[in-house]
Every structure is written in structure tokens, then in C-alpha cells.
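Predicted model only: the values in this text are computed from it and were never measured. Note: hydrogens, waters and symmetry copies are ignored here, and every other heavy atom, side chains too, is used.
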Amino acid sequence: MDDDDLLSLLPQRLDLPRGRSALSGSEVAASRRGRILQATLEEIAESGYAATTVAAITKRAHVSRTAFYEAFRDKEAAFAAAHWNASELALTRVWTPALSVTGTDYDARIRAAIESYVGVLEAAPSFAICVYVEIRAAGERLQVQRDEMTDRHLLVLREIAEASAPSRGIVVPPDDDLRALMGAFDELIGRAIRAQRHADSLDLQSVVAPLTRVLLAVMRGADRPSA
């Protein structure tokens, strides 16, 4: 599986120059850590979480087992760090443009954000497979971490709604409504990724329209019963 350049966790400087004084110890450690993080996502996406071993990660990252264990306790810790760092990059790439644009039709902003998110997943298949498929096999720690990241997406959605309500007919949905919405996202995107995980690339464009419709319905309070 090729490196996912869009959400790459690789260090900026891959080729460490020779010589004792070429790089500091912290720079060498950072380079190794980045290679381990990227290799962890790629190995888990290719082999599955259960089948992934530290030996496979170190081979892919071109680091020693000693270097791995200096950075991480085990593969779960490496996966947790890789997931969090890649998710942070995805969060920034998807929502920063949606939050910064003003004077744009709300529906267009929402659709653009969803298209951007789907584009990120298509361009970073290792990340997509890990987040929507393999993370479910990784245990409670990763599930809790994924919930935390989902809630960060939720906060951004609420911020966009608050900036648009009430002049454009937008409401600020309760958090549980937004979490239910995230569940719909997981189902649609997850099914599409599972069906294509062994393909040469991901094509997730079929989910854009239904996700946009559902999100806009929730943001306008469609069919919400009165208290």
C-alpha cells in the first residue's frame, strides 16, 4: 500500500544524513517516531489489527525493535498515537475552510465540508480503513479515543450552526442528535470502505449526497418533535 501523502505522518526529513553531528538525538527520535506512526497505519490497513505485529511495523518503518519500544509500549500505543495524529490533520483539512468562509450559502458550505472529508478519506486509504474498519478490533482505548475525536467534529458542526442560526433557518441541534448523525456517517462510509478495502483506490462519492441531505435535515430540525 502506498504512503498516504495527504495525511502523512512521516517526518519532513526522511533521509538521515550520516555522521554523529548531522542531527540531534531529538531529531533522530522524531524521524523514527514518524516512520513508526506511518508504518503502523499502513500495516494495520493492509494486514488487519489482529494480525499486525511489532515485527511487521518495524520492518515497514525500517527501524529496530529497540527503537520501537523506546517510543511505544506496544502496537496499541503506536496505533493510538497514529490515529490521533492523522485524525488531527483530517480535522484541520476538513473544517478550517468551512469555518473560515463567510458570506457563503449554508447548504453549499456543508456540502463542501462533506466533499472535503470524503476527499481526505479517498486520498488517505490507510487512514480510512483504520478509522472505519480496523479500529473496532483495537480495544476500548482506541474506541474511547475515536469517540473523543468524533466529539471534536461535533463541536465544529455546532459552531457552524450557531454562526448561521437563526437567520437562515438553521437550528443548533442537541448533542445527541449530532451523535446520531455521526452514527449515520459511520454506517454509510464504513460500508463503502469495507466493500472496497482491497481495491486499488477508494471511491466514496456515492455517500456525499445522502450525508449532505441528512446533515442539512438535522441542522434544520426536520421532523423533530416538540418538547
Side-chain angles (χ1 to χ4, degrees), residues 1 4 6-7 40-42 44-50 52 76 79-96 98 109-161 172-199 201-224:
M1 186 171 293
D4 298 341
L6 187 66
L7 298 183
T40 298
L41 285 183
E42 292 173 5
I44 289 173
E46 185 172 302
S47 302
Y49 181 80
T52 292
E76 180 189 60
F79 189 22
H83 166 259
W84 189 263
N85 281 271
S87 295
E88 286 272 11
L89 288 174
L91 190 72
T92 299
R93 288 185 178 275
V94 172
W95 293 117
T96 297
R109 289 176 68 187
I110 290 298
R111 182 177 180 86
I114 291 175
E115 288 176 341
S116 177
Y117 185 60
V118 168
V120 164
L121 295 177
E122 290 177 332
S126 293
F127 171 75
I129 292 167
C130 283
V131 170
Y132 281 92
V133 181
E134 292 302 327
I135 202 167
R136 302 181 188 282
E140 184 177 357
R141 175 184 178 180
L142 269 296
Q143 291 293 334
V144 169
Q145 182 169 289
R146 189 175 191 274
D147 289 345
E148 291 173 358
M149 187 55 67
T150 296
D151 281 348
R152 292 186 63 183
H153 285 274
L154 182 152
L155 290 174
V156 178
L157 283 173
R158 186 197 297 147
E159 185 176 345
I160 294 175
V172 181
D175 285 353
D176 281 347
D177 286 23
L178 290 176
R179 289 192 181 97
L181 175 67
M182 294 299 176
F185 277 43
D186 279 1
E187 178 65 15
L188 285 175
I189 296 175
R191 282 192 177 208
I193 291 172
R194 288 194 298 273
Q196 301 176 54
R197 69 170 297 172
H198 299 299
S201 61
L202 293 178
D203 181 357
L204 306 176
Q205 293 304 306
S206 64
V207 307
V208 172
L211 292 182
T212 302
R213 287 194 298 269
V214 171
L215 178 52
L216 290 174
V218 170
M219 289 298 194
R220 290 197 165 87
D223 298 324
R224 180 174 297 137

* Non-hydrogen atoms of Leu154 and Met182 that approach each other most closely -> N-CE, 3.9 Å

* Asked: Any side chain to side chain donor-acceptor pair (under 3.5 Å) pairs touching residues 178-192, not counting sequence neighbours?
  -> Arg146-Asp186, Asp151-Arg179, Asp176-Arg179, Glu187-Arg191

* Short question: side chain of Arg111, backbone of Val208 - any donor-acceptor pair under 3.5 Å? -> no

* Could you check whether the rings of His153 and Tyr117 sit parallel, tilted or perpendicular, using 30° and 60° as the cut-offs? => perpendicular

* **Residues that Asp147 engages under salt bridge (Lys or Arg N to Asp or Glu O under 4.0 Å), provided they are two or more places apart** => none

* **Atom pair CD1 (Ile135) and CZ (Phe127), whose distance is rounded to the nearest 0.5 Å** => 8.5 Å

* **Least distance between heavy atoms, Arg93 atom then Ser116 atom** => O-OG, 3.7 Å

* To do: Kindly compute the distance separating CG (Leu204) from CD (Glu115), expressed to the nearest 0.5 Å.
  => 13.0 Å

* Start with the C-alpha distance between Glu42 and Ile129, add both sets of side-chain angles, then the distance that settles side-chain contact (heavy atoms from CB on, under 4.5 Å), and finish with yes or no. => CA-CA 9 Å; Glu42 292 173 5; Ile129 292 167; over 6 Å; no

* Asked: Mind checking what makes side chain to side chain contact (heavy atoms under 4.5 Å, CB included) contact with Asp203, not counting sequence neighbours?
  -> Glu122, Gln196, Gln205

* Asked: Given side chains that start at C-beta, do those of Val131 and Ile193 come closer than 4.5 Å, heavy atoms only?
  -> no

* Heavy-atom pair of closest approach, residues Ala128 and Leu121 -> CB-O, 3.8 Å

* Structure fact -> On a heavy-atom basis, the closest approach of Leu41 and Cys130 is O-SG, 3.4 Å

* Look up atom CD in Glu76 and atom CD in Glu140, then write down how far apart they are to the nearest 0.5 Å. => 10.0 Å

* Got a sec, which residues hit salt bridge (Lys or Arg N to Asp or Glu O under 4.0 Å) with Arg152, two or more places apart in sequence or on another chain? -> Glu88

* Structure fact -> Tightest non-hydrogen contact, residues Ile44 and Thr52, listed as CA-OG1, 3.4 Å

* **Qualifying salt bridge (Lys or Arg N to Asp or Glu O under 4.0 Å) pairs, either residue in residues 207-216, two or more places apart** => none

* To do: Any chance you could measure Ile114, atom CD1, to Leu211, atom CG, to the nearest 0.5 Å?
  => 5.5 Å

* Asked: Which heavy-atom pair separates Ala137 from Tyr49 by the least distance, and what is that distance?
  -> O-CD2, 3.5 Å

* Structure fact -> dist Arg197:CZ -> Leu202:CG (nearest 0.5 Å) comes out at 10.0 Å

* What residues, two or more places apart in sequence or in another chain, satisfy salt bridge (Lys or Arg N to Asp or Glu O under 4.0 Å) together with Glu148? -> none

* Do Leu216 and Thr212 come within less than 4.5 Å of each other through their side chains, counting heavy atoms only? -> yes

* **Contact check, side chains of Leu181 and Asp177, non-hydrogen atoms, under 4.5 Å** => no

